[in-house]
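Proteins come first, then strands; the chains are lettered A, B, ... in the order of their sequence lines, and each starts at number 1.
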Amino acid sequence: DTGVSQDPRHKITKRGQNVTFRCDPISEHNRLYWYRQTLGQGPEFLTYFQNEAQLEKSRLLSDRFSAERPKGSFSTLEIQRTEQGDSAMYLCASSREAGWATNEQFFGPGTRLTVL
Amino acid sequence: AQTVTQSQPEMSVQEAETVTLSCTYDTSESDYYLFWYKQPPSRQMILVIRQEAYKQQNATENRFSVNFQKAAKSFSLKISDSQLGDAAMYFCAYRSASGTYKYIFGTGTRLKVLA
């Protein structure tokens, strides 16, 4: 169990540029979540994958956001035409299939995005 | 829709003392889970303690315990014998017992531990 990893840890970009973040979940976890955390707030749900299928998207996930999880392994979150309001910490979490006793979510360290 | 409220933006406690962090939630569901997560500065969130709504017994993990009041929709965290390493943001989270199991978080409480 090497934990959830995210790359990059920090990203600074100019308004209008595209950015992509990567999340590697714990290997046997088939559920993967993306959250966004702004300063002084708790994380807010963005989207959820079960294996490779994206099963839920929050209304927070505008058309400029897209997430993928090819082959049910790692996941990417892309933001197109970034805006200053996109500045936040983007957290990834993974968990086992439902029914396991320890099905809490394990969080990665996050990617902090700053849009200038 | 479910909501989670943490009304204490910041709390302080003397080392070795006890502190209680408050959390209330709103839901129409009868089966759900509640969590407390700890987020140290610049480090990832880790689970502190979990409570299943169908269990009447309050969860305990070493120095951490909860006071779960289902009827009042209250879920407070008690930290006993506070240590300097307990200083962090603490988030209360709600999760349905069905569906995608996404978390709904409160706004967090920053805990300072004074030496």
Side-chain angles (χ1 to χ4, degrees), chain A residues 1-7 9-10 23-26 29-51 53-61 88-112, chain B residues 1-10 21-25 31-55 59 61 64 66 75 77 88-111:
Chain A
D1 183 347
T2 58
V4 178
S5 61
Q6 293 187 245
D7 184 70
R9 296 289 305 275
H10 303 272
C23 170
D24 286 273
I26 294 170
H29 287 185
N30 67 330
R31 291 172 174 254
L32 187 146
Y33 304 81
W34 285 98
Y35 294 86
R36 182 172 70 185
Q37 184 178 17
T38 53
L39 203 61
Q41 300 296 316
E44 296 175 289
F45 170 76
L46 290 179
T47 191
Y48 158 70
F49 288 86
Q50 184 166 339
N51 299 312
Q54 188 175 19
L55 297 184
E56 185 172 347
K57 292 194 292 186
S58 162
R59 284 175 292 179
L60 292 175
L61 216 64
M89 176 76 85
Y90 290 84
L91 297 171
C92 177
S94 70
S95 69
R96 294 176 187 272
E97 180 61 52
W100 285 84
T102 55
N103 58 358
E104 74 266 21
Q105 294 178 26
F106 292 80
F107 284 83
T111 294
R112 182 170 296 284
Chain B
Q2 296 84 19
T3 58
V4 176
T5 301
Q6 293 179 251
S7 59
Q8 305 156 317
E10 190 171 293
L21 308 184
S22 300
C23 173
T24 59
Y25 59 95
D31 196 12
Y32 49 87
Y33 295 79
L34 296 165
F35 303 83
W36 278 99
Y37 274 84
K38 170 185 178 182
Q39 188 177 42
S42 301
R43 292 177 60 189
Q44 60 209 82
M45 278 206 291
I46 56 174
L47 178 68
V48 174
I49 199 165
R50 171 203 310 114
Q51 175 78 44
E52 294 87 343
Y54 63 85
K55 289 186 178 179
E61 288 287 343
F64 299 87
V66 298
F75 181 60
L77 174 69
M89 283 291 290
Y90 286 81
F91 291 99
C92 177
Y94 172 101
R95 198 206 82 187
S96 296
S98 62
T100 63
Y101 302 144
K102 66 187 178 190
Y103 284 171
I104 298 168
F105 286 92
T107 51
T109 296
R110 181 175 301 282
L111 178 66

Under a 4.5 Å heavy-atom cutoff, which of B/Gln44, B/Arg110, B/Arg95 has the most pairs with chain A?
B/Gln44
Sidechain-backbone polar pair: A/Tyr33 side chain, B/Thr100 backbone, donor-acceptor under 3.5 Å:
yes
Least distance between heavy atoms, B/Phe35 atom then A/Glu104 atom
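Result for this residue pair: CE2-CB, 3.8 Å.
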Assess the residue pair A/Tyr48 and B/Tyr101 against the criterion (side chain to side chain contact (heavy atoms under 4.5 Å, CB included)); give the C-alpha distance rounded to whole Å, side-chain angles, the decisive distance to 0.1 Å, and a yes or no.
CA-CA 9 Å; A/Tyr48 158 70; B/Tyr101 302 144; over 6 Å; no
Return the option, out of A/Ser58, A/Pro43, A/Gly42, with the maximum number of heavy-atom pairs under 4.5 Å with chain B.
A/Pro43
Is it true that A/Gln37 and B/Gln39 share a donor-acceptor pair across their side chains at a distance under 3.5 Å?
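There is such a pair (donor and acceptor under 3.5 Å, judged by atom type) between the side chains of B/Gln39 and A/Gln37.
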Counting C-beta onward and ignoring hydrogens, is there a side-chain heavy-atom pair between A/Gln105 and B/Tyr37 closer than 4.5 Å?
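A side-chain contact under 4.5 Å exists here.
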Just say parallel, tilted or perpendicular for the rings of A/Phe107 and B/Phe105, cut-offs at 30° and 60°.
perpendicular
Separation of A/Arg31 CZ from B/Lys102 NZ (nearest 0.5 Å)
12.5 Å
Pick one of side chain, backbone, both or neither for A/Arg112, based on which atoms fall under 4.5 Å of a heavy atom in chain B.
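A/Arg112 has no heavy atom closer than 4.5 Å to chain B.
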Go through the atoms of B/Ser98 and report whether side chain, backbone, both or neither lie under 4.5 Å from a heavy atom of chain A.
neither
Which bit of B/Tyr103 comes within less than 4.5 Å of chain A, counting heavy atoms only: side chain, backbone, both or neither?
both
